[in-house]
Protein chains: 2
Amino acid sequence: MSISAKALIKIDKIDRNILEQLQQDGSLTNQELADKVGLSPSPCLRRVRALEDAGVIVRQVTILDHKKLGLSLTAIILIGMDRHTPERFAAFERQVGEYPEVQECYLITGQDADYMLKVVVPDMDHYHHFLLNRITRIQGVSGVHSSFVLRRVIDSTALPLGYLS
Amino acid sequence: MSISAKALIKIDKIDRNILEQLQQDGSLTNQELADKVGLSPSPCLRRVRALEDAGVIVRQVTILDHKKLGLSLTAIILIGMDRHTPERFAAFERQVGEYPEVQECYLITGQDADYMLKVVVPDMDHYHHFLLNRITRIQGVSGVHSSFVLRRVIDSTALPLGYLS
DNA sequence: GCGGATATTGACATAAAATGCCGATCTTCT
DNA sequence: AGAAGATCGGCATTTTATGTCAATATCCGC
């Protein structure tokens, strides 16, 4: 694994505006976007393509409503591993990647936990089942602490662009 | 605040397939999507519109690369409040909503913490500043525990659709 | 500050996609 | 089986994306 190359692209005020707009609403047509940032469609599209090529724009996704899909329970799980060996971690990550219920999984610092997971399931029964038959079954998992989301105060994918330039 | 209405839409196999595809890639054209799900463009678009109207499809967003934007540090912050009053919570949430660095903020269960935040900043210096001048300044914040993301094993917005039907 | 090289823009023409309409097909319920 | 309703595919029209090119703006060395 190599360190990914730094962005070799200069992001000016217009680019930043484009990114801000697309972060907020990815369904904007190029023409609408061009209007918003004060460009004509041609150069606007060219900038978007350049940002895609540079890897600044990673991809576009559709956000669904979990409640409308019967997925009412979101859990935050902190997990500790018994041994901090690369093999243990690799096995854990491989296994966790197989579970579509896991929306996020981060290796984190701290003495309390090694991994933080965000998991989405229909209800507590399903969560119980998931925890017992999926998570705790993974080799090396020694400590598990669950919290449940009572309210989503902020749930965004937008990055703060105010630090640019 | 009222409980939001349940989805009054029946999601069949094709709809589920549409949602699966769009979750994965929101930049698909209607024609590409139609091909993938085995429909002609007309009914495919009709279904997408119906899913939007029903609120199942919430919105479309563009995902950016935080590293390419110089945002190298992601922190998970667990926060405890001194008093569990609606006023304290409301004030905290209002304030946190002002900070673009906060990508996620959940009110959670558990004795250790009341809120879980995901925060994105350029580096540790900025994080230090953010914590001291933003978070700990908020009235009622009594305990703060920070963890830092070492690796993003899974970072998705996709919901598990396997529980449908 | 001047001139040239480079990059970026806007307009236009063309290709592709979205959208609306309609008759045909498939479902469902009696 | 038969009729009502829903869903489909094809087609015409409108909107959008894309590529080209000349004009303009920006940057650089002198």
Side-chain angles (χ1 to χ4, degrees), chain A residues 5-65 68-70 157-158 161-162 164-165, chain B residues 5-65 68-70 157-158 161-162 164-165:
Chain A
K6 279 279 179 173
L8 297 175
I9 187 175
K10 44 179 172 12
I11 295 176
D12 63 15
K13 196 67 179 248
I14 296 178
D15 286 326
R16 184 183 140 180
N17 198 350
I18 288 175
L19 294 177
E20 200 77 74
Q21 297 295 334
L22 289 181
Q23 269 198 142
Q24 228 54 46
D25 183 2
S27 71
L28 284 173
T29 66
N30 182 55
Q31 310 205 352
E32 291 169 333
L33 180 61
D35 277 345
K36 281 177 183 283
V37 303
L39 280 180
S40 66
S42 296
C44 182
L45 182 62
R46 227 167 314 125
R47 280 169 180 266
V48 173
R49 294 284 177 261
L51 289 166
E52 289 172 352
D53 291 344
V56 177
I57 291 177
V58 178
R59 63 199 225 275
Q60 203 140 6
V61 298
T62 300
I63 306 295
L64 308 183
D65 186 311
K68 294 266 170 73
L69 293 169
T157 54
L161 302 184
L164 291 178
S165 77
Chain B
K6 277 280 178 174
L8 297 175
I9 188 177
K10 43 180 172 8
I11 295 175
D12 62 17
K13 196 67 179 245
I14 296 179
D15 286 326
R16 185 182 141 180
N17 199 350
I18 287 175
L19 295 176
E20 200 76 74
Q21 297 294 335
L22 289 180
Q23 269 198 141
Q24 227 56 44
D25 183 1
S27 72
L28 285 173
T29 65
N30 181 56
Q31 311 205 351
E32 292 170 332
L33 180 61
D35 276 345
K36 282 178 183 280
V37 303
L39 280 180
S40 67
S42 297
C44 183
L45 185 60
R46 260 196 303 270
R47 280 168 179 266
V48 172
R49 294 285 178 258
L51 289 166
E52 288 172 351
D53 292 344
V56 176
I57 291 177
V58 178
R59 62 196 225 277
Q60 202 141 6
V61 298
T62 301
I63 305 295
L64 308 182
D65 186 310
K68 295 264 170 73
L69 292 169
T157 55
L161 302 184
L164 290 178
S165 79

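We use all heavy atoms of the structure for the numbers below, so side chains are in, but hydrogens, waters and symmetry mates are not. Bear in mind the structure is a predicted one, so any value in this text is a computation, not a measurement. Here is the naming used below: chain letters follow the sequence lines, and residue numbers restart at 1 for every chain.
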**Prompt:** In B/S/- notation, 5' to 3', how is nucleotides 9-18 of chain D contacted by protein heavy atoms closer than 4.0 Å?
**Reply:** BBB----BBS
**Item:** Short N-O contact, A/D15 and A/R47, less than 4.0 angstrom
**Value:** yes
**Asked** Any side-chain N or O of A/K10 less than 4.0 Å from the OP1 or OP2 oxygen of C/dA7?
**Response** no
**Prompt:** CG/B/D53 to CD1/B/I9 distance, rounded to the nearest 0.5 angstrom?
**Reply:** 8.5 Å
**Message:** Rounding to an integer number of Å, can you tell me how far A/R47 CZ sits from D/dG19 C1'?
**Reply:** 18 Å
**Asked** Which heavy atom in B/K36 sits nearest to a heavy atom in B/N17, and how many Å separate them?
**Response** O-ND2, 4.1 Å
**Prompt:** In Å, rounded to the nearest 0.5 Å, how long is the span from CD1 of B/I57 to OG1 of A/T62?
**Reply:** 6.0 Å
**Asked** Does any N or O in the side chain of A/N30 come within less than 3.5 Å of the main-chain N or O of A/P41, such that one atom is a donor and the other an acceptor?
**Response** yes
**Asked** Using Watson-Crick and G-U wobble pairs whose two distances are both under 3.5 Å, how do you write the pairing of DNA chain C as dot-bracket, with | for links to another strand?
**Response** ||||||||||||||||||||||||||||||
**Item:** Donor-acceptor under 3.5 Å (B/Q21 side chain, B/I18 main chain)
**Value:** no
**Asked** Quick one: CG on B/L22 to CG on A/L64, what's the gap to the nearest 0.5 Å?
**Response** 8.0 Å
**Request:** Take the protein atom NZ of A/K13 and the nucleotide atom P of D/dA25, then report the distance between them rounded to whole Å.
**Result:** 21 Å
**Fill in**
Between the CD atom in A/E20 and the CG atom in A/D25, the distance rounded to the nearest 0.5 Å is 12.5 Å
